[in-house]
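For the single chain, residues carry numbers from 1 onward in sequence order.
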Amino acid sequence: MTDDLAATVARAFAADGPLARSDPNFLPREAQDTLAARIAGAVADRETLVAEAGTGVGKTFAYLVPLLLSGRRALISTATKSLQDQLFLRDLPRLRDALRVPVRMALLKGRASYLCRHRLIQAQVGAQLPDRFAARALHRVAQWAQATQSGDLAEIEGLDDRSPVIPLVTSTRDNCLGSECPEFRTCHVMQARRDAMAADLVVVNHHLFFADMALRDSGVAELLPTVDAAVFDEAHQLVEAGVQFLGTTLATGQAIDLGRDLLAAGLAHARGLQPWNELQAGVEHAARELRLACAGEQREVRGMLKRRWEERSAATEPALQALADAALAAAQALAAVAEAAPDFPKLEQRARTLAALAGRFGGEAAADHVRWIDLTPQQARLVESPLDIREMLSEQRALAPRAWIFTSATLGDDEALSWFTASTGLEDAEKLRVGSPFDYPAHARVWVPARFPLPNAPGHAAAVGALAARCAGALGGRTFVLTTTLRVLPVVADAITAQPEAAGLTVLVQGTEPRRALLQRFGDGRGCVLVGSASFWEGIDMPGDALQCVLIDKLPFPPPGDPLVEARVRQLRAQGRNPFDDYFVAEAAVSLKQGAGRLIRTETDRGLLVLCDPRLRQMAYGRRLLAALPPMGRLAEEEQALAWLAELAAAH
């Protein structure tokens, strides 16, 4: 079987094969052939393979072609919903048609991605909308609902993921009525699951995969035992997703949602039988007090802030008790009217679950777990989670023989790919590293300024901005500045605009507009500098001349005050390992490769990477981090860097 599949896959990628016949731009690539052959072997023999494939290898086709040609049932998990859509709507249909294989495909997302017709009807009748924009969005959803087949909200052009309407027209595990729902027969969530169970190839995302392993709420846990192969693309994000979603979470937003749903159902089906307004107010007040207790003096939060559990645990105890009391009072009131409508038993179950969660976080954390608090402008999330996904993945791999394939452009900086395999329990897997086919020595340069403030110096962020202005001025824009923290974004942006070289440049800053809008404004890059933090380090594809200079402000070491980081350091010390070498430097190497990966996206791209951290020259670990990057030409002085940018500008 191995030889048969490998031979069929090799023919598909050949210069006169079906892929070349269907696409005049297709060119065979040795690196892609190598990767596809190894994946074909793993699929045929039900083996575990961890494969790092550099930018430009074509790893998506390298795993899709063997899966499609194998005739085996398969699950593909990728990092985000947008990548899911790209696979399902673009890559898979194209390959299925080229290879002429009769494969049934399905896309499965979490229930928050699908319209709930029952809740849409409720929202149209009684929702309290914050403004006219929300009212307009609800009207658009209602119109779209009349024609949609899938119920996937991604079909609605321009609907913001953060719209307050989305929780009103989607279900959660807590508020879904299941078979009691009057709209059960036309339920989009149930239809998506039925489609997935009937398909040969199902596309999910990492968050859904792990959340379902923990909660068994989306169909993946039922699906996984039926597949012969599981492929995880963008696998470098697996551990983070697993830690977030395998854990136990209590969110203040969850309590506020309960209060809102309790009030709506109470007034609709049992008005006057219980003090619904007071019960809702009690739950909501307790939730808001818990968020304030979690925040402490940190009242203003931008983005997301992680806080140590130990910092706020004493302050949260009374608030957790108050929330448990309010949730139990709501549960008792709901139990008294359980016969009045199918909503009430489900609401009672939600209230009792909330009370139990509040009680759990009022006690001690489980052994080998870590607790922390995620603060956002809207809510606080209390999280208790395992430190890695070793145990969970090992259990799944032991259940039945199937192929497990993990692939990404960045899985470590050593041949054993130990950054990834150690935290996933995959040390025993077959490993493959396939380098990028791009000519980095000819097309790319890297420069580490020698005379530059250290990252902890007061003037560092301003110096990064001033240097970015000089680089962007020489190039005519087409520049990204990537920072390791949100805090320095305005400092860097102000320093750019203050420089004479920035005259005529447009400086775009993360947070001033949604990411998609900023990238649209950046466009072809002419005259533009974009300053962004974490969400711009990966998942952004700017091929061609649009992006030819990337500056990274400092080495992306994990933040030492982060509770997860501290817990991992304690774990490594207990194992007798060196946390700095084995964790901090390894994490920085992977993140640096991700950030640098924005620069060269095709065979003809050219560019300059500037690393504004002199520790790369001064410290021994600097050699290891530079060696982890693609083999770019090294520059020594700013004059050389500006001359290279001028050369790129002249060729544009």
Side-chain angles (χ1 to χ4, degrees), residues 81 106-127 138 141-142 145 148-154 161 163-197 204-205 207-223 245 248-251 253-270 280 283 327 330-331 334-335 337-357:
K81 288 189 283 188
L107 181 68
L108 186 60
K109 298 181 181 179
R111 58 166 71 244
S113 294
Y114 296 103
L115 172 73
C116 171
R117 292 187 180 278
H118 176 59
R119 286 179 61 78
L120 172 62
I121 293 164
Q122 287 183 318
Q124 287 176 295
V125 172
L138 181 61
V141 171
T148 182
Q149 295 295 309
S150 73
D152 186 345
L153 291 165
D161 288 345
S163 169
V165 166
I166 289 178
L168 300 177
V169 299
T170 58
S171 68
T172 65
R173 180 171 181 260
D174 292 333
N175 63 31
C176 173
L177 300 179
S179 57
E180 299 289 318
C181 178
E183 302 292 327
F184 183 70
R185 290 183 61 191
T186 58
C187 174
H188 292 298
V189 170
M190 295 307 297
Q191 183 59 50
R193 290 186 194 174
R194 285 193 294 270
D195 290 347
M197 290 306 293
V204 302
N205 62 64
H207 291 178
L208 176 66
F209 179 84
F210 286 111
D212 199 66
M213 290 296 109
L215 301 174
R216 301 188 176 271
D217 180 50
S218 300
V220 176
E222 289 77 31
L223 181 68
F245 287 90
T248 301
T249 302
L250 167 59
Q254 174 184 354
I256 288 169
D257 288 348
L258 170 67
R260 182 191 62 214
D261 293 345
L262 169 148
L263 180 63
L267 295 181
H269 304 296
Q280 185 265 347
V283 172
L334 290 159
V337 296
E339 303 299 320
D343 302 64
F344 290 128
K346 199 74 181 176
L347 283 165
E348 181 195 348
Q349 185 184 339
R350 285 172 65 186
R352 293 195 185 280
T353 300
L354 183 63
L357 279 171

Can you tell me how far apart [atom1] ([X]) and [atom2] ([Y]) are? Round to the nearest 0.5 Å.
X	Y	atom1	atom2	result
Q124	L120	CD	CG	4.0 Å
F210	N205	CZ	CG	11.0 Å
L223	L108	CG	CG	7.5 Å

Do you see a donor-acceptor pair shorter than 3.5 Å between the side chains of Q349 and R352? no
I'd like to check [X] versus [Y] (side-chain heavy atoms, cut-off strictly below 4.5 Å). Are they in contact?
X	Y	result
I166	L153	yes
L138	L168	no
Q191	D195	yes
H118	D343	yes
L258	L354	yes
R193	R111	yes
E183	R119	no
K346	N175	no

Which heavy atom of [X] sits nearest to which heavy atom of [Y], and what is that distance?
X	Y	answer
T148	D152	OG1-N, 4.4 Å
A265	L347	CB-CD1, 3.6 Å
V283	A330	CG2-CB, 4.4 Å
P345	P342	CD-O, 3.3 Å
G178	F184	O-CD1, 3.1 Å
K109	Y114	N-OH, 3.0 Å

One pair to check against side chain to side chain contact (heavy atoms under 4.5 Å, CB included): T172 and D257. What are the steps and the verdict? CA-CA 10 Å; T172 65; D257 288 348; 5.6 Å; no
So, R117 side chain and A145 main chain: donor-acceptor pair closer than 3.5 Å or not? yes
Spell out, as yes or no, whether a donor-acceptor pair under 3.5 Å connects the side chain of Q254 to the backbone of A251. yes
Please determine whether a side-chain nitrogen of the Lys or Arg among R350 and D261 lies less than 4.0 Å from a carboxylate oxygen of the Asp or Glu. yes
